[in-house]
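Please read the structure below before turning to the comments.
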Amino acid sequence: MKILINILFVFLFFLQGAADSSLLTVITILFLVFTLFLQQGKMPTFPGYFLLAFAIYIFYLSIGLFNNHPNAHIDIKFQLFFFAFYFWLINNRFNIDFLKLLFAINGIVLVIYLLLYLDIMPNFWNENTFGRQGRVLGPAITPMVYILFNYLYTNKKFDRRLGVSLMGAMIYILMTSNFMNLAIVSALSLLVVINFKQLLKPIYIAGIMILGLLLVLYINSPFVPEMISSKLEYIFKPWEYGTVKTRIADLQQALDNENFGVFQKLFGEGYGASSNIYRENKLSPSLSRTFAFQEIDNGFYYLYHRGGWSLLVLFFVSHIYLITKTPRIKAKIGFFVIILITNALSIHYFNYLFYLILPFWILHKRIEKRN
């Protein structure tokens, strides 16, 4: 049974973002929940905070059902998946080595992106394998985010397994040209490596200054590949990066178009809401059109649109609590970085199931401590 659960766990990761995967996701999660009743010694339970979260969700869902949003199921299905998957996480007693599985997933993601790039396998996640400026489109590229947080949470040292996996992750992240995950993985990697106490020693201060100088010289040299040099200018001005500018423009348009009354500002339009954004193509006006989204790429607006200021405040309060429950300053900073960047540039935190592993680890302290 444990081997089957491991396989289903990995399979579920790759169902995230896959085309027409809702039925398979439902079947997989329901089977995982079913396995809870095959465990010996303890039946599944509902922690108080889980029931409270579900009750709060029902309140905002009822607002959405009252507003009768078109295609509401596109949004609502994700919350139901989340509750069912988290219920399995907190009740699972099969001693699953999540860290080991995440390392395996990381390797599989790399292989899949290489196969997609070489056109050896079909693309189950996107209609087209290559997107804008040649970026490769494929499965979720988040396993290294969870792995690095695990290292921060358990105070693990940077080891060979992490180093090799990190190199593989950087390959597929660069293939996707994904600024968000590149920023998060880079920040978490630095936190794993850096020792704050040692940084105050003169030898480390001098070393960092020398490395910084060498990096600046390299960046301004003719030896930097064009693919990398074209993005380096955005390191200190990320708001000038194309996809970031698009997200800022979408958010501004959404806020300008919302026309919320007092009730909506407080409680939003409920779950099931969606957004329509008009994007103007100045180079080719004929390509200008209105895009329909589950939500614009901003997790904070996702919450505000569905629950107004009340839900947004609940989100901040609950995550401040999670930060206080996270041991060690580096893990706290890492969790904050994940939440901030992910929600500023996407809604993945609300439609990628595996982000639930982070609060699960924090609240239930079932981090794998082997290796």
Side-chain angles (χ1 to χ4, degrees), residues 2-3 5-7 9-10 13-14 89 92 94-114 139-176 178 180-201 203-208 210-212 214-215 323 325-339 341-342 354-371:
K2 183 177 177 180
I3 295 175
I5 291 174
N6 286 342
I7 294 172
F9 183 84
V10 174
F13 178 89
F14 290 100
L89 281 176
N92 166 60
F94 284 101
N95 194 27
I96 304 300
D97 189 339
F98 291 110
L99 181 60
K100 183 178 180 180
L101 290 177
L102 289 169
F103 272 115
I105 289 170
N106 184 69
I108 297 171
V109 171
L110 173 61
V111 171
I112 288 175
Y113 271 97
L114 293 175
I141 57 173
T142 54
M144 187 50 61
V145 174
Y146 316 130
I147 291 170
L148 287 167
F149 178 76
N150 181 286
Y151 269 66
L152 291 171
Y153 189 97
T154 56
N155 201 28
K156 284 186 173 69
K157 304 300 180 183
F158 194 97
D159 53 30
R160 183 170 59 183
R161 180 170 66 162
L162 179 61
V164 172
S165 298
L166 185 57
M167 286 190 291
M170 294 305 289
I171 291 173
Y172 64 68
I173 289 174
L174 290 174
M175 290 176 72
T176 63
N178 188 290
M180 180 186 78
N181 282 288
L182 178 61
I184 295 173
V185 169
S186 298
L188 297 183
S189 299
L190 284 174
L191 286 170
V192 171
V193 173
I194 289 174
N195 186 317
F196 289 143
K197 292 181 179 179
Q198 289 183 335
L199 282 178
L200 299 177
K201 296 180 179 180
I203 187 172
Y204 284 95
I205 295 175
I208 291 171
I210 292 172
L211 285 174
L214 291 174
L215 180 61
I323 290 174
K325 299 294 287 186
T326 303
R328 286 173 284 278
I329 185 64
K330 292 201 295 184
K332 294 178 188 290
I333 295 172
F335 185 61
F336 176 78
V337 166
I338 294 170
I339 302 306
I341 298 180
T342 301
F354 275 56
Y355 279 103
L356 288 173
I357 291 176
L358 306 182
F360 164 67
W361 278 340
I362 293 171
L363 293 174
H364 292 263
K365 296 181 174 59
R366 291 216 201 125
I367 295 289
E368 301 295 339
K369 296 186 178 180
R370 286 171 290 191
N371 302 321

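In this structure, the side chains of Leu148 and Leu162 come closer than 4.5 Å at one or more pairs of heavy atoms. Side-chain contact between Leu166 and Val185 is present, with heavy atoms from C-beta onward closer than 4.5 Å. Leu114 has its side chain within reach of Met175: a pair of non-hydrogen atoms, C-beta onward, lies under 4.5 Å apart. Proximity of Phe335 to Leu152: side-chain heavy atoms (C-beta onward) are nowhere separated by under 4.5 Å. Contact check for Leu182 versus Met170: side-chain heavy atoms found under the 4.5 Å cut-off. Looking at Asn92 and Phe98, their side chains come closer than 4.5 Å, going by heavy atoms from C-beta outward.
Of all the heavy atoms in Pro143 and Val109, the pair that sits closest is CG-CG2, 4.2 Å. Smallest separation of non-hydrogen atoms from Asn95 and Lys2: O-NZ, 3.2 Å. Arg328 and Asn155 get closest at one heavy-atom pair: NE-CB, 3.4 Å. Smallest separation of non-hydrogen atoms from Ala187 and Val337: CB-CG1, 4.0 Å. Contact detail for Pro139 and Phe14: the closest heavy-atom pair is CB-CD2, 3.9 Å. Closest non-hydrogen pair, Pro327 versus Ala331, comes out as O-CB, 3.2 Å.
Note that OH of Tyr172 and CD1 of Ile108 are 11.0 Å apart. Values are rounded to the nearest 0.5 Å. Note that CG of Leu356 is 6.5 Å distant from CG of Leu89, once rounded to the nearest 0.5 Å. Remark: Ile173 CD1 to Met180 CE distance equals 9.5 Å, nearest 0.5 Å. To the nearest 0.5 Å, the span separating CD1 on Ile329 from CD1 on Ile323 amounts to 9.5 Å. Here Ile141 contributes atom CD1 and Thr176 contributes atom OG1; the two are 3.5 Å apart, rounded to the nearest 0.5 Å. Taken to the nearest 0.5 Å, the CE atom of Met144 stands 10.5 Å off from the CG atom of Leu188.
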Between Phe9 and Ile105, does the side-chain contact (heavy atoms from CB on, under 4.5 Å) criterion hold? Intermediate values first, please. CA-CA 10 Å; Phe9 183 84; Ile105 289 170; 4.3 Å; yes
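Applying the ring-ring contact (aromatic ring centres under 6.0 Å, His included) test to Tyr355 and every residue at least two apart in sequence or in another chain returns Tyr146, Tyr349. Partners of Tyr113 by side chain to side chain donor-acceptor pair (under 3.5 Å), not counting sequence neighbours: none found. Among residues two or more places apart in sequence or in another chain, the ring-ring contact (aromatic ring centres under 6.0 Å, His included) test is passed with Phe103 by none.
Ring geometry for Phe354 versus Phe13: interplanar angle over 60°, hence perpendicular rather than tilted (30 to 60°).
Between the side chain of Asn150 and the backbone N or O of Leu99 there is no donor-acceptor pair closer than 3.5 Å. For Lys325 (side chain) and Leu363 (main-chain N/O), no donor-acceptor pair under 3.5 Å exists by modelled atom type.
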